[in-house]
Trainee: 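One structure coming up, written as structure tokens, with questions to follow.
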Amino acid sequence: MRAVLLGPPGAGKGTQAARLAERFGIPAISTGDIFRANVKGGTELGRAAQEYMSAGALVPDEVTNAMVRDRLAQDDARKGFLLDGYPRNPDQGVELDTMLSDLGVRLDAAIEITADIDEVTKRLLKRAQIEGREDDTEPVIRKRLEIYATSTAPLTAYFEGRGLLVQVDGMGDVDDVTARLIAAVDSE
Ligand code: ADP
């Protein structure tokens, strides 16, 4: 399976991506996790991404696209992958198409985890207390949700137009959401 996961920050993409990846035996590739690891490791990529991330802004496309292209070319992604956090705007969507056609493969599904904005804001603020992520403060969360609405949400229509969109309700119990996702993917 080759799929992308869409949904607002706090919808549970990371949690669900890890579970689905295990279920289907493919890597979950989270651009946010890769960036955070690079920031922590003090790499050049981390330095290029840090200021954008802490402001809740998107890292520039050239940086992000190059990183994803490299990651998708690795061996473990040959049989499939689940992308979490990419694409995040329509230009990245077009770029993903180019990458996949260069690899000679096609996307099977774009899975959107839908979530109520009040609920995700609550979840993110709660996570802030537990994980202490720098971008989980209220003004930065607001900024991330704004960018989601203006830049990322339009991708839903892009994938729907290509017959790839699968929407799954992300509200409620984590296990229930996983079960819904697996059922949705299996019926594809
Ligand atoms: P969330 O979905 O909760 O906002 P992520 O871990 O997916 O968190 O992303 C954290 C940050 O990493 C984003 O706010 C952004 O700065 C950067 N980032 C992640 N993916 C992308 C991407 N595809 N394009 C640009 N920036 C990205």
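Read the numbers this way: they start at 1 and go in the same order the structure lists the ligands and their atoms. One is the number of the first residue; the rest follow in order along the sequence.
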Trainee: Given a heavy-atom cut-off of 4.0 Å, could you list the residues near ligand 1 in chain and number order?
Mentor: Pro9, Lys13, Thr31, Gly32, Phe35, Arg36, Met53, Ala57, Leu58, Val59, Thr64, Gly85, Tyr86, Arg88, Gln92, Arg127, Arg133, Asp135, Arg144
Trainee: Please, which pairs that meet side-chain hydrogen bond (donor to acceptor under 3.5 Å, both in side chains) have at least one residue in residues 40-54, sequence neighbours excluded?
Mentor: Asn38-Thr43
Trainee: List the residues meeting salt bridge (charged side-chain N to carboxylate O under 4.0 Å, His left out) with Asp102, not counting sequence neighbours, and say none if there are none.
Mentor: Arg69
Trainee: Where is the tightest heavy-atom contact between Met67 and Leu45, given as atom of each residue plus distance?
Mentor: SD-CD2, 3.6 Å
Trainee: Could you list who else is in Met171's hydrophobic cluster, with ILVMFWY side chains joined at under 4.5 Å, directly or through other members?
Mentor: none
Trainee: Could you tell me whether a side-chain N or O of Arg88 sits under 3.5 Å from a main-chain N or O of Gly85, the two making a donor and an acceptor?
Mentor: yes
Trainee: Output the distance between atom CG (Asp169) and atom OG1 (Thr114), rounded to the nearest 0.5 Å.
Mentor: 4.5 Å
